[in-house]
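Structure first, commentary second.
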Amino acid sequence: MSKIIIYKENLINNLKIITEHVKKRDKVAVVLKDNAYGHGLKEVATICAEFGIKRAVVRVAREAKEIAHLFEETLVLGGSESYPDKNISFTVNSFEEIKRTPQNSSIHLKVDTGMHRNGIDPCELKQALESIVSSKIELKGVFTHNKEGDELSSALFWQQKNFSTIKSKVCEFCDAKGIKRPLFHSLSSSGAFRTNEIDDDFVRIGIAMYGYLEWDEVFGDIGLRPVMELRANKVASRSLKKGARIGYGGTFRADRDMVVTSYDIGYGDGFFRANEWIKASIEDGREILGRVSMDYLSLEGDDDEVVLFRDAKRFAKQFRTISYDATTKLSPSITREVR
Ligand SMILES: *Cc1c(COP(=O)(O)O)cnc(C)c1O
């Protein structure tokens with residue numbers, strides 16, 4: 001069967017680089033949403049907790065329940081469901097969500113500093129804080145998200161400036177009410193690595209932990225190593241004569257006699273669909289022959305096992321997309337093996 005190898009040593013290497021950069025282990029929240037970007041929620045959460053990470057971020061409550069016992073706090077990013085829980089906090093993006101949140105729940109209020117995707121408008125901050133206090137929900141955090149952490153633009157810096165104004169207003173409000181100041185957080189991987197003195201309480205790190213930053217030209221090689229390796233196994237080999245065509249539509253034609261093998265992975269497993277328009281090669285440079293089908297793909301040669309990718313960023317580029325996309329799409333039903 002196809003499988004995903006998770007290299008523990010590489011994950012720890014990346015966690016070390018990240019914690020050294022932000023200077024403190026408890027300033028790192030690990031982002032484990034969407035099955036830990038396809039790496040395996042429990043597998044990655046366990047290694048992070050062993051390493052000493054105290055905080056995790058997920059997308060939905062179901063994910064939080066699986067791992068909350070490993071961390072001091074798990075923050076759920078996606079709204080909708082929320083309830084009181086001593087280890088789990090929920091994101092609040094709007095007034096409607098504040099209204100819907102049951103009493104005694106812990107929340108992090110998201111503020112829109114320029115991405116214009118989620119979060120309340122900064123001019124409604126005071127009103128939102130009043131509403132939180134009167135609804136008897138606990139304000140554990142206030143945060144924002146950057147839209148251009150990995151672009152060479154000033155957006156990161158003006159968003160940070162907006163956030164610092166928000167911080168002062170929140171602190172002023174809390175001090176006046178005599179309530180505890182919340183934790184502040186705003187930076188994801190790229191923003192964190194573009195900032196040397198991080199004055200937030202913690203950063204939310206996803207992709208860097210898995211071994212990537214999307215824009216090398218900005219960051220240079222900082223020593224991150226890919227955590228995931230995707231492999232597949234042989235189903236059947238055959239010898240083909242020059243001129244034979246392979247797979248649906250027969251879009252690949254052998255230009256010489258060749259040995260061809262099918263492997264047990266396809267777009268049904270979340271693997272990208274290479275085809276006659278999008279040519280792609282696996283880790284060792286061999287081209288995927290013809291169209292990827294739902295459960296199979298074909299390669300020249302007859303190895304029992306092949307590595308499809310270790311460098312997800314290189315692999316993803318062939319499909320004009322990013323490392324996040326290549327790893328996150330991989331089906332949770334593929335076996336994850338930690339080494
Ligand atoms: C996904 C996500 C992150 C992590 O981003 P990376 O670029 O993977 O580090 C951080 N914060 C929020 C709100 C996110 O949605």
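In each ligand, atom 1 is the first atom listed, and ligand 1 is the first ligand listed. Every heavy atom of this structure was used, including side-chain atoms; hydrogens, water molecules and symmetry mates were not.
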For atom 7 (O) of ligand 1, the protein heavy atom that lies nearest, with its residue and separation: Tyr324 OH, 2.7 Å
I'd like the name of whichever of Met209, His185, His145 reaches closest to atom 13 (C) of ligand 1 through any heavy atom. His145
Taking heavy atoms and a distance under 4.0 Å, where does Leu77 meet ligand 1: side chain, backbone, both or neither? side chain
Judged by non-hydrogen atoms, does Tyr210 sit under 4.0 Å from ligand 1? no
Distance under 4.0 Å to a non-hydrogen atom of Ile207: what atoms of ligand 1 satisfy this? 6 (P), 7 (O), 8 (O), 9 (O)
Of all the atoms in ligand 1, which lie at a distance below 4.0 Å from a heavy atom belonging to Tyr37? 1 (C), 4 (C), 5 (O), 6 (P), 8 (O)
Please determine which of Met228, Arg225, Glu229 meets the side chain to side chain contact (heavy atoms under 4.5 Å, CB included) test together with Tyr7. Glu229
Are any side-chain N or O atoms of Glu20 and backbone N or O atoms of Ile17, one a donor and one an acceptor, separated by less than 3.5 Å? no
Among all protein non-hydrogen atoms, which one is nearest to atom 5 (O) of ligand 1, and what is the separation to 0.1 Å? Ser188 CB, 3.4 Å
Can you confirm if the NZ or CZ of Arg55 lies within 45° of the ring axis of Phe202 and under 6.0 Å from the centre of its six-membered ring? yes
Charged N to carboxylate O below 4.0 Å: is that the case for Lys167 and Asp200? yes
For atom 1 (C) of ligand 1, the protein heavy atom that lies nearest, with its residue and separation: Lys33 NZ, 1.4 Å
Min N/O separation Val31 to ligand 1 under 3.5 Å: no
For atom 10 (C) of ligand 1, grab the closest protein heavy atom and report residue, atom and distance to one decimal in Å. Arg204 NE, 3.5 Å
Tell me whether the count of non-hydrogen atoms from other residues, nucleotides or ligands lying under 6.0 Å of OH in Tyr296 goes above 12. no
More than 12 heavy atoms of other residues, nucleotides or ligands under 6.0 Å from NZ of Lys42: is that the case? no
Hey, could you give me the CG/CD1 distance between Leu11 and Ile6, rounded to the nearest 0.5 Å? 8.0 Å
Passing option when Leu297 is tested against Val235, Val292, Thr261 for side chain to side chain contact (heavy atoms under 4.5 Å, CB included): Val292
Nearest-contact summary for atom 9 (O) of ligand 1 - protein heavy atom, Å: Ser189 OG, 2.5 Å
